[in-house]
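Keep in mind that this is a model prediction, so the values were computed, not measured. Atoms within each ligand, like the ligands themselves, are counted from 1 in listed order.
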Amino acid sequence: MQRLSPALRQDNVPEDLISLIKTILAATKEISFRVSQAHLGGLMGSTLDENIQGEIQKKLDVVANELFKDIVLESGFVKAISSEEEDTSVAGNPVGKYLVSFDPLDGSSNIDINSLIGTIFSIHKAPEDMDPSNPDMFKQSGDHQVCAGYVLYGPATMLVMTTGKGTHFYVLDRTHGGYLLVHRNVQVPTDTQEFAINMSNQRFWQEPMKNYIKDLIDGDTGPRGKNFNMRWIAAMVGDIHRVLCRGGLFTYPTDSKNPEQPNKLRLMYEANPMSFLIEQAGGLAMTSKGRIMDIEPTSIHQRVEVIMGSKNEVEACLTYYK
Ligand code: AHG
Ligand code: MN
Ligand code: MN
């Protein structure tokens with residue numbers, strides 16, 4: 001099995017970006033270890049603090065954020081970082097070439113039940129002419145990402161990553177401490193009979209999504225003429241990993257549950273990196289109005305509607321909005 005650096009060189013990834021990726025992965029190995037030891041080290045449960053999103057932080061959210069932030073900033077490769085758990089961007093090396101946005105632990109509600117969680121990251125080039133403390137540097141569309149990925153702390157610790165030359169799977173080999181390539185150029189099946197949505201929000205969805213999901217549930221007795229299965233892991237990393245492995249449609253649609261927050265998932269460190277991975281695997285990553293990676297961000301914590309996965313099923317869903 002190929003090691004990480006030769007696999008990246010095969011895709012002509014520049015050496016300084018390979019170094020940054022290896023730094024990020026060093027942080028994820030440490031997070032993976034802390035996650036496995038959390039029960040033993042008093043790291044279960046919540047802190048008394050809220051993050052900028054208005055969510056109570058879990059102790060592991062804070063630990064993962066500090067580890068990732070410190071290791072990546074100390075490397076000197078980045079001009080700034082932004083994180084779900086930081087109010088605004090944090091300045092790094094003024095001549096650092098890259099910007100990293102990350103969700104240190106995705107699926108926080110799964111921490112205390114020993115279920116699937118992961119770390120999501122997205123890398124952009126840093127504009128040379130801007131001050132490292134200026135968060136406006138991060139206002140670049142998903143199309144400008146040079147790398148995106150996630151690490152899943154599951155039964156195996158897996159890295160799923162793209163640098164724009166396909167989406168590849170790696171597994172952390174604890175015998176030598178590195179990630180090994182296990183699947184090059186993953187492809188999302190074009191058709192699917194599986195969907196992922198938080199059904200408890202049904203009454204708050206817009207009409208097109210209500211109608212689409214009703215037709216899926218009606219199965220072979222409805223207009224779709226086939227039965228569908230449903231899965232919901234409550235961690236986007238887990239749901240998107242399943243979609244990359246065997247296809248499916250994943251959505252967190254706009255809803256009216258909280259009128260001040262019509263969308264749940266964050267553009268910069270959830271929707272954009274996952275869109276890059278899904279598109280590089282032949283899937284589609286959309287809102288009901290257009291492509292996610294075309295969106296010009298207005299703030300680092302902005303939220304966005306997400307409909308992504310198997311190409312034909314995403315297209316089928318979008319017909320309900322026309
Ligand atoms: P986070 O734990 O980083 O805040 O993200 C959780 C997100 C996403 O991973 C998941 O798909 C979704 O929230 C789950 O939402 P519900 O709580 O509605 O199930
Ligand atoms: Mn998340
Ligand atoms: Mn998170």
- Note on the structure: Restricting E270 to its N/O/S atoms, the closest one to the Mn ion (ligand 2) is OE2

- Within a reach of under 6.0 Å around NZ of K59, are more than 12 heavy atoms found that belong to other residues, nucleotides or ligands? yes

- Message: Considering non-hydrogen atoms of the protein only, which is the closest contact for atom 17 (O) of ligand 1, and what is the distance?
- Response: K264 NZ, 3.2 Å

- Item | Side chain, backbone, both or neither: D106 near ligand 1, heavy atoms under 4.0 Å | both

- Message: Under 4.0 Å, heavy-atom basis, I'd like to know which part of A235 is in contact with ligand 1: side chain, backbone, both or neither.
- Response: backbone

- Query: So is V237 polar-close to ligand 1, meaning N/O to N/O under 3.5 Å?
  - Reply: no

- Query: In terms of ring plane angle, is the pair F102 and F68 parallel, tilted or perpendicular, where the classes change at 30° and 60°?
  - Reply: parallel

- Query: For ligand 1, which part of E84 has a heavy atom less than 4.0 Å away: the side chain, the backbone, both, or neither?
  - Reply: side chain

- Indicate, as side chain, backbone, both or neither, the part of D239 found under 4.0 angstrom from ligand 1 when only non-hydrogen atoms are considered. neither

- Message: Under 2.8 Å from the Mn ion (ligand 2), is there any N, O or S atom belonging to E84?
- Response: no

- Specify the closest pair of heavy atoms between N110 and A235, including all atoms of both residues, with the distance to one decimal. ND2-CB, 3.8 Å

- Message: Using 2.8 Å as the threshold, say whether any N, O or S atom from P104 sits that close to the Mn ion (ligand 3).
- Response: no

- Has R266 got any heavy atom lying under 4.0 angstrom from an atom of ligand 1? yes

- Atoms of ligand 1 less than 4.0 Å from D103 heavy atoms? 3 (O)

- Measuring to the Mn ion (ligand 3), does D103 have an N/O/S atom at a distance below 2.8 Å? yes

- Message: Are the side chains of Y212 and T319 in contact, using a 4.5 Å heavy-atom criterion?
- Response: no

- Query: Do we see a donor-acceptor contact under 3.5 Å between the side chains of S36 and Y153?
  - Reply: no

